[in-house]
Amino acid sequence: MKPAMGCLGGMNIAMMKKALKISGLMALVLMVFVAVTAFKSVDRVNGSSCTVTVKYSNGDPAKNVEVMPMNYGGIMGWTAADCGKFTTNSSGVVTIKWYGETIKGLYIKGNRYELTLEDGGSYTVTLKQKHEYD
């Protein structure tokens, strides 16, 4: 006569212990991931900001030009950062403000300029176009 299989469907004790160890390890990895990513320091009150001067190759300021911060999203490629678009003033200067993520590039007048923006930094971007009417 065969022993009754019960609710475990014939699973022996060794297999149950192995399954518990694997699920325990997976739970530990998940908890570490949550702990590392959940407490990332983000200043939601003040945020980060930097100053960018945009000019043409002849040195003229790029007045009233739209500047869009970008990030590299891995498999998604380059994507717009979640902080909006900004416009340079009459001197070609713009203050970029963002929260949390690091800005890895700027999209200006149809071209991507790769640079890492840091809080409090000051940057100059020379456009690939010669002048605003080119």
Practice problem: Could you pull out the closest heavy-atom pair between Gly121 and Cys50, with the gap in Å? | Solution: O-CB, 3.2 Å
Quiz item: Does NZ or CZ of Lys85 lie under 6.0 Å from the centre of the six-membered ring of Tyr107, at an angle within 45° of the ring axis?
Solution: no
Practice problem: First locate atom CG of Asn111, then atom CG of Leu106, and finally report the distance between them rounded to the nearest 0.5 Å. | Solution: 12.0 Å
Self-check item: Closest contact, heavy atoms only, Pro61 versus Gly92
Solution: CB-N, 3.9 Å
Practice problem: Can you measure from OG1 (Thr51) to OH (Tyr123) and round to the nearest 0.5 angstrom? | Solution: 10.0 Å
Exercise. Nearest 0.5 Å please: distance from the CD1 atom of Ile13 over to the CE atom of Met16.
Key: 4.5 Å
Quiz item: Does Ile96 reach the side chain of Val67, with side-chain heavy atoms less than 4.5 Å apart?
Solution: yes
Quiz prompt | Glu118 side, atom CD; Ile103 side, atom CD1 - distance, nearest 0.5 Å | solution = 12.0 Å
Self-check item: Nearest atoms (heavy-atom pairs only) where Pro69 meets Phe86
Solution: CG-CE1, 3.8 Å
Quiz item: Under 3.5 Å, side chain of Tyr113 to main-chain N/O of Lys128, donor-acceptor pair present?
Solution: yes
Self-check item: Co-membership, hydrophobic cluster, residues Val65 and Leu115, 4.5 Å side-chain
Solution: yes
Self-check item: Spatial distance of atom NZ (Lys104) from atom CE (Met70) [nearest 0.5 Å]
Solution: 14.0 Å
Practice problem: For the residue pair Leu20 and Lys17, establish whether any side-chain heavy-atom pair is separated by less than 4.5 Å. | Solution: no
Self-check item: CG-OG distance between Asp119 and Ser49, expressed to the nearest 0.5 angstrom
Solution: 5.5 Å
Quiz prompt | Heavy-atom closest contact (Thr124 atom, Lys55 atom, distance) | solution = CG2-CE, 3.7 Å
Quiz item: Do side-chain atoms of Thr88 reach the backbone of Asn64 as a donor and acceptor pair under 3.5 angstrom?
Solution: yes
